[in-house]
Amino acid sequence: GAVVSQHPSWVICKSGTSVKIECRSLDFQATTMFWYRQFPKQSLMLMATSNEGSKATYEQGVEKDKFLINHASLTLSTLTVTSAHPEDSSFYICSAPQGISNQPQHFGDGTRLSIL
Amino acid sequence: GENVEQHPSTLSVQEGDSAVIKCTYSDSASNYFPWYKQELGKRPQLIIDIRSNVGEKKDQRIAVTLNKTAKHFSLHITETQPEDSAVYFCAASSWSSGDKLTFGTGTRLAVRP
């Protein structure tokens with residue numbers, strides 16, 4: 001079945017560091033990918049929609065200058081958390097729909113980000 | 001935008017009993033409703049989904065029902081097993097929203113052996 005690979009799985013770094021997370025669709029092309037954030041014991045909250053070859057669409061309240069998204073190819077989207085602070089510590093997960101319209105979304109394994 | 005409510009937030013059942021989780025949605029344009037199971041620290045896994053042109057779908061011990069008029073859908077797990085213990089999320093999306101998934105708040109299911 002379709003697989004989405006996400007790296008790294010775990011990051012611990014100092015406050016002020018920028019962290020890049022990669023999301024790859026391994027056996028299908030994804031013109032759209034989604035980035036979610038999940039705090040402990042909470043639901044998944046959509047941060048932004050990553051669009052191949054164009055700017056990402058951010059959800060209300062998500063700072064686009066803080067969370068940089070690049071979708072340069074049909075199989076790779078990256079999320080960079082710039083100048084990360086302790087409040088950015090969370091579980092970040094990407095997903096990609098395999099087809100168009102109402103198709104199952106395949107999730108990456110997630111990245112646990114801890115900012116000291 | 002879409003708003004999805006999910007109940008209950010926690011559910012404890014005896015092994016072998018059934019479990020039911022209910023969700024309501026607000027956007028009448030939503031037409032795709034997946035259910036995900038998430039174990040601690042892991043990715044959500046799709047367990048079943050339903051589209052708006054269908055009222056019910058079943059896959060072995062798992063079934064989902066959809067009532068478009070009332071804007072609610074439910075997950076039914078029969079003959080529960082300890083390995084069913086996890087957090088379950090419902091979600092809704094529509095083509096008009098660009099297939100963005102809006103998730104419910106989650107239900108923590110505990111199956112007692």
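Chain letters run A, B, ... following the sequence lines, proteins first and then strands; every chain starts at 1.
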For [X], which atoms come within 4.5 Å of any heavy atom of chain A: side chain, backbone, both, or neither?
X     : answer
B/Q6  : neither
B/P34 : neither
B/K42 : backbone
B/Y36 : side chain

If hydrophobic clusters are built from ILVMFWY residues whose side chains come within less than 4.5 Å, do [X] and [Y] share one?
X      : Y     : result
A/L68  : A/L76 : no
B/I47  : B/I50 : yes
B/L75  : B/V54 : yes
A/L113 : A/M33 : no
A/F67  : A/V11 : yes

If we define contacts as heavy-atom pairs under 4.5 Å, which of A/Q38, A/M45, A/Q60 has the most with chain B?
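Greatest number of close heavy-atom pairs with chain B: A/Q38.
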Please enumerate all residues that pass side-chain hydrogen bond (donor to acceptor under 3.5 Å, both in side chains) together with A/D109, with sequence neighbours excluded.
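A/D109 satisfies side-chain hydrogen bond (donor to acceptor under 3.5 Å, both in side chains) with B/R43 only.
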Apply side-chain hydrogen bond (donor to acceptor under 3.5 Å, both in side chains) to A/W35 and list each qualifying residue two or more places apart in sequence or on a separate chain.
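Partners of A/W35 under the side-chain hydrogen bond (donor to acceptor under 3.5 Å, both in side chains) test: A/S77.
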Counting only heavy atoms not in [X], do more than 12 fall under 6.0 Å of its [atom1]?
X     : atom1 : answer
A/K20 : NZ    : no
A/L26 : CG    : yes
B/Q45 : CD    : no
A/K66 : NZ    : yes

Interchain contact, A/Q105 with chain B, by part (heavy-atom threshold 4.5 Å):
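Contact with chain B is through both the backbone and side chain of A/Q105.
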Which bit of A/I93 is near chain B, if near means a heavy-atom gap under 4.5 Å: side chain, backbone, both or neither?
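Only the side chain of A/I93 comes within 4.5 Å of chain B.
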What's the spacing between B/Q38 CD and A/F107 CZ if we round to 0.5 Å?
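If we round to the nearest 0.5 Å, B/Q38:CD and A/F107:CZ are 8.5 Å apart.
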Return the minimal non-hydrogen interatomic distance between B/R51 and A/P104, and the atom names on each side.
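It is NH2-CD, 3.9 Å.
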Give me the contact list for residues 13-26 of chain B versus chain A, heavy atoms only, anything under 4.5 Å, ordered by residue number.
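Listed by number: none.
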Enumerate by number any residue of residues 103-113 of chain B whose heavy atoms lie under 4.5 Å from heavy atoms of chain A; in the absence of such residues, state 'none'.
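Residues B/F103, B/G104, B/T105, B/R108 are the ones that qualify, each having a heavy atom under 4.5 Å from chain A.
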In a check of side chain to side chain contact (heavy atoms under 4.5 Å, CB included) between B/K100 and each of A/T57, A/T32, A/T49, which one passes?
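For B/K100, the side chain to side chain contact (heavy atoms under 4.5 Å, CB included) test succeeds with only one of A/T57, A/T32, A/T49, which is A/T49.
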B/L101 and A/F34, any side-chain heavy atoms less than 4.5 Å apart
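No - every pair of side-chain heavy atoms lies 4.5 Å or more apart.
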